[in-house]
Colleague: 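My questions all concern the structure below.
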Amino acid sequence: MTDIPGPAPIRVLIADDQRVVREGLSMLVALIDDVEVVGVAGDGAEAVRLAEIHRPDVILMDLRMPDLDGIAATGLLRERLPLSRVLVLTTYADEDAIVPALRAGARGYLTKDASAEQIEAAIHAVHAGQTHLDPAVQERLVAAVIRSPDPAELAGTGTGGRETREGRKPPDGLTAREAEVLALLASGLSNAEIGQRLYLSHATVKTHINRIFAKTGARDRAQAVRYAYQHGLTAPGE
């Protein structure tokens, strides 16, 4: 009887400017049963070069590296290797690092105090096309939005408006109301809280969110938050 081969391992590239971190991560990741480390890089430029050679599924990317930093490298990788997904693993969890990394195309964001189990879960999630954010990172994103003006302002004047505050139509066919709901979702509000803010029923809020997911390609709320930041539907730091 012929054995049926199992699924191919998840190919991972590791980029970090500290040798001890690179070697430690390489050993840790190699212990995951269905993961294979295909290369290690000491800066962003080397990460891009090795990624073009090895075509990894997931790239563990540090942010603060010499020459080409992790954010710039992530942007290049999104253009050149759209099927390779970047998972940021860094010391920094401030919004000045988080938001640019997500806008550059990172699909996940962990801090270096993450456990081996958290890193393994994040690799699998990102490889599966999901967005994976460390809980502390999600808290920072929500805090950034809470400090901003009322998200309802970002969607024009309500159901009758078709443009955002900047005078642009919402992207990907979103209606003004859907953009308004997305902004509130990105600020950390629950469905019930969104309904209370906009005077909508729970069923109506759920319908709007399902349409938002369908139009933006988001699979979950974390991906919707990332989409909102990438498309300027939130206003962090204002």
Side-chain angles (χ1 to χ4, degrees), residues 44 48 58-59 61 63 69-90 92-110 122 125-156 162-189 194 208-238:
V48 173
V58 177
I59 302 161
M61 182 76 73
L63 291 186
D69 66 23
I71 292 172
T74 296
L76 287 174
L77 288 165
R78 182 176 63 177
E79 295 175 3
R80 300 180 186 181
L81 298 172
L83 297 181
S84 295
R85 298 180 171 100
V86 173
L87 169 59
V88 170
L89 183 61
T90 183
Y92 306 95
D94 55 280
E95 65 186 79
D96 290 338
I98 298 167
V99 175
L102 295 178
R103 284 178 173 163
R107 301 298 297 269
Y109 199 112
L110 292 177
V126 168
H127 178 252
Q130 302 169 8
T131 298
H132 188 99
L133 301 179
D134 184 286
V137 171
Q138 293 191 50
E139 289 179 8
R140 292 296 182 95
L141 287 176
V142 171
V145 176
I146 289 173
R147 289 197 301 271
S148 71
D150 188 336
E153 297 177 4
L154 301 177
R162 288 291 301 168
E163 297 186 344
T164 64
R165 185 182 60 180
E166 291 79 11
R168 297 180 290 106
K169 288 185 177 180
D172 294 320
L174 291 172
T175 66
R177 176 61 90 188
E178 288 164 354
E180 191 174 13
V181 170
L182 177 56
L184 292 171
L185 184 154
S187 74
L189 271 62
I194 292 172
H208 282 310
I209 291 176
N210 287 338
R211 288 174 178 169
I212 289 167
F213 284 5
K215 291 179 179 181
T216 64
R219 297 186 180 183
D220 50 41
R221 295 175 80 93
Q223 286 191 353
V225 170
R226 176 174 173 270
Y227 178 94
Y229 272 87
Q230 286 184 321
H231 292 82
L233 297 177
T234 60
E238 288 187 5

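This is a predicted model, so every value here is computed, not measured. Keep in mind that the numbers below use all heavy atoms, side chains included, and drop hydrogens, waters and symmetry copies.
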Colleague: Please check: side-chain N/O of R211 versus main-chain N/O of L174, any donor-acceptor pairing under 3.5 Å?
Modeller: no
Colleague: Do you know the tightest heavy-atom contact between V88 and A106?
Modeller: CG2-CB, 3.8 Å
Colleague: Give me the atom names and distance for the closest heavy-atom approach of L133 to Q138.
Modeller: O-NE2, 3.3 Å
Colleague: If you take all heavy atoms of A128 and R219, which pair is closest and at what distance?
Modeller: O-NH1, 2.8 Å
Colleague: Tell me if a side-chain donor or acceptor on Q223 pairs with a main-chain N or O of G129 at a distance below 3.5 Å.
Modeller: yes
Colleague: Kindly compute the distance separating CG (L87) from CZ (R107), expressed to the nearest 0.5 Å.
Modeller: 11.0 Å
Colleague: Minimum heavy-atom separation for I71 and P100, please, with both atom names.
Modeller: CD1-CB, 3.7 Å
Colleague: Using modelled atom types only, decide if a donor and an acceptor are shared between the side chain of R78 and the backbone of S84 within a distance under 3.5 Å.
Modeller: no
Colleague: Answer yes or no: is there a side-chain heavy-atom contact under 4.5 Å between L102 and I98?
Modeller: yes
Colleague: Determine whether a donor-acceptor pair (N or O, by modelled atom type, separation under 3.5 Å) exists between the side chain of R103 and the backbone of Y229.
Modeller: yes
Colleague: If only atom types and distance count, is the side chain of K215 paired as donor or acceptor with the main-chain N or O of G173 below 3.5 Å?
Modeller: yes
Colleague: Determine, stepwise, if the pair I212 / Y227 fulfils side chain to side chain contact (heavy atoms under 4.5 Å, CB included).
Modeller: CA-CA 10 Å; I212 289 167; Y227 178 94; over 6 Å; no
Colleague: Looking at OG of S187 and CD1 of I194, how far apart are the two atoms once the value is rounded to the nearest 0.5 Å?
Modeller: 7.0 Å
Colleague: Can you tell me how far CG of L81 sits from CG of L76, rounded to the nearest 0.5 angstrom?
Modeller: 10.0 Å
Colleague: Any sub-3.5 Å donor-acceptor pair from E178's side-chain atoms to I209's backbone N or O?
Modeller: no
Colleague: Rounded to the nearest 0.5 Å, what separates atom CG in L110 from atom NE2 in H132?
Modeller: 5.0 Å
Colleague: What's the separation between atom CZ in R226 and atom NE2 in H231, rounded to the nearest 0.5 Å?
Modeller: 9.5 Å
Colleague: Could you walk me through whether M61 and L89 pass the side chain to side chain contact (heavy atoms under 4.5 Å, CB included) check?
Modeller: CA-CA 6 Å; M61 182 76 73; L89 183 61; over 6 Å; no
Colleague: Between R85 and I59 (side chain of the first, backbone of the second, donor and acceptor by atom type, cut-off under 3.5 Å), is there such a pair?
Modeller: no
Colleague: Which distance, rounded to the nearest 0.5 Å, do you find between the OH of Y92 and the CG of L63?
Modeller: 9.0 Å
Colleague: Minimum heavy-atom separation for A228 to L182, with atom names?
Modeller: CB-CG, 4.1 Å
Colleague: Of the non-hydrogen atoms in T74 and A101, which two are nearest, and what is the gap between them?
Modeller: CG2-O, 4.4 Å
